[in-house]
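A short write-up of the structure that comes next.
Every chain is numbered from 1, with letters handed out A, B, ... down the list of sequences. Atoms considered below: every heavy atom in the structure, side chains included; atoms not considered: hydrogens, waters and symmetry mates.
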Protein chains: 2
Amino acid sequence: MIATFTALAEPNRLRIVEFLQRGAQPVGAISERLHLRQPQVSKHLQVLKGAGLVDVRPVAQQRLYELQPAPFHDLQLWLEPYRQLWAARFDALDAVIAELKQQERKETRHGRKKK
Amino acid sequence: MIATFTALAEPNRLRIVEFLQRGAQPVGAISERLHLRQPQVSKHLQVLKGAGLVDVRPVAQQRLYELQPAPFHDLQLWLEPYRQLWAARFDALDAVIAELKQQERKETRHGRKKK
DNA sequence: TCACTATATTCCTTGCCAAGAATATTCACA
DNA sequence: TGTGAATATTCTTGGCAAGGAATATAGTGA
């Protein structure tokens with residue numbers, strides 16, 4: 001998890017990962033489209049590979065880098081316990097709304113008085 | 001997104017975030033349970049606060065730190081496009097399984113031959 | 001106002017990491 | 001086998017970020 005976060009914490013690496021959503025890409029294409037120098041791209045890709053975020057497939061003298069599902073899936077699982085953070089908040093909001101409706105009904109029944 | 005990843009990339013900060021799943025905690029409790037010195041905890045909490053991952057609520061001379069939903073929700077949204085990575089993989093696996101079953105049926109029909 | 005508790009801040013040092021520049025490696029093809 | 005294209009590696013430097021120690025600040029109660 002730390003490895004994943006560390007890898008994604010670097011701006012250019014994050015850009016590379018997002019670019020790879022389009023599918024496997026050779027180093028040159030990444031370098032060109034993201035305006036990064038080739039050596040830095042290679043280095044970032046090594047880090048991403050080290051974290052298991054990408055894998056390589058050699059094609060002629062090119063190397064095609066491709067996203068790997070596992071870390072993203074792990075991230076999803078890691079995130080699960082935190083889901084209740086905003087779920088709870090929405091529940092609370094629902095409760096408030098229910099309360100308001102209840103209040104509204106009472107006031108309507110008794111004839112609405114000041115505010 | 002970068003801010004979130006950067007904040008979570010530091011091991012002790014990640015531990016703090018995970019500890020805060022139990023609900024709001026004062027600095028002292030975090031320091032004690034995670035065996036971290038108080039100043040470092042305060043410093044990490046500032047970083048987490050800067051990234052919007054936590055918020056503070058003063059209670060007497062304590063400060064209660066609490067997780068904030070927004071960044072986690074954002075992370076969930078960011079992750080969405082990558083979901084197809086493993087979804088696609090499962091589809092592929094399904095295809096393989098279907099293929100195998102098909103094969104199995106043929107072999108059964110013709111009388112199974114070597115292997 | 002004083003003393004005590006809880007937390008924040010500052011200063012310093014050290015280690016790591018990203019970029020740049022130069023060079024090495026790998027591979028296809030003539 | 002030599003040449004050019006694509007990519008990887010090495011070395012160096014600058015900056016930033018984390019930990020430690022010391023100190024400052026806020027808030028409470030007597």
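Taking atom CG of residue B:L48 and atom C1' of nucleotide C:dA8, one finds them 15 Å apart after rounding to whole Å. In this entry the distance linking CG of B:L34 with C1' of D:dA18 reads 16 Å, nearest Å. Per the geometry, CG belonging to B:N12 stands 16 Å off P belonging to D:dA17, to the nearest Å. As a whole-Å value, the separation of A:R57 CZ from C:dC27 P is 16 Å. Atom CG of A:L14 is separated from atom P of C:dA18 by 13 Å (rounded to the nearest Å). Look at CG on A:L45: it is 11 Å from P on D:dT9, rounded to the nearest Å. The nearest whole Å value for the distance from the NZ atom in A:K49 to the P atom in D:dA8 is 9 Å. Note: CG (B:L64) to P (C:dT5) measures 19 Å, nearest angstrom.
The shortest side-chain heavy-atom distance between A:L14 and B:I2 falls under the 4.5 Å cut-off. Annotation: side chain of B:R15 is in contact with side chain of B:L36 (closest heavy-atom distance under 4.5 Å).
Using a cutoff of 4.0 Å between basic side-chain nitrogens and carboxylate oxygens, A:E80 and A:R83 are scored as salt-bridged.
Across all strands shown, B:P58 has no heavy atoms under 4.0 Å from either base or sugar-phosphate atoms. Using a 4.0 Å heavy-atom criterion, one finds that B:Q38 contacts the bases of the nucleic acid, with or without backbone contacts as well. Base engagement by A:Q40 is indicated by at least one non-hydrogen atom pair under 4.0 Å involving a base atom.
The phosphate of C:dG20 has OP1 or OP2 within less than 4.0 Å of a side-chain N or O from A:R37. Within the 4.0 Å cut-off from OP1 or OP2 of C:dC17, not a single side-chain nitrogen or oxygen of A:H44 is found. Within the structure, every side-chain polar atom (N or O) of B:Q61 is placed at least 4.0 Å from both OP1 and OP2 of C:dC4. For the OP1/OP2 pair of C:dA8 and a distance below 4.0 Å, the side-chain nitrogens and oxygens of B:Y65 include at least one atom meeting the criterion. In terms of phosphate contacts, B:R63 brings no side-chain nitrogen or oxygen within less than 4.0 Å of OP1 or OP2 of D:dA26.
Taking the side chain of A:R13 as heavy atoms from C-beta on, and the options C:dT7, C:dA18, D:dG19, the nearest nucleotide is C:dA18. Out of D:dG20, C:dT7, D:dT9, the shortest distance to the side chain of B:P26 is found at C:dT7. Nearest to the side-chain atoms of A:K43 among the listed nucleotides D:dG19, D:dC11, D:dA5 stands D:dC11. Distances from the side chain of A:Q62 to the nucleotides D:dA6, D:dG19, C:dA8 place D:dA6 closest.
Of the possible donor and acceptor atoms, none in the side chain of B:Q68 sits under 3.5 Å from a partner among the backbone N and O of B:A70.
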Check against side-chain contact (heavy atoms from CB on, under 4.5 Å), B:L20 and B:Q25: CA-CA 7 Å; B:L20 287 179; B:Q25 302 283 344; 3.7 Å; yes

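Counted by atom type alone, B:Q38 and B:S42 present one or more donor-acceptor pairs between their side chains at under 3.5 Å.
Place A:A60 and A:L36 on DNA chain C by their nearest nucleotides, and A:L36 ends up nearer the 5' end.
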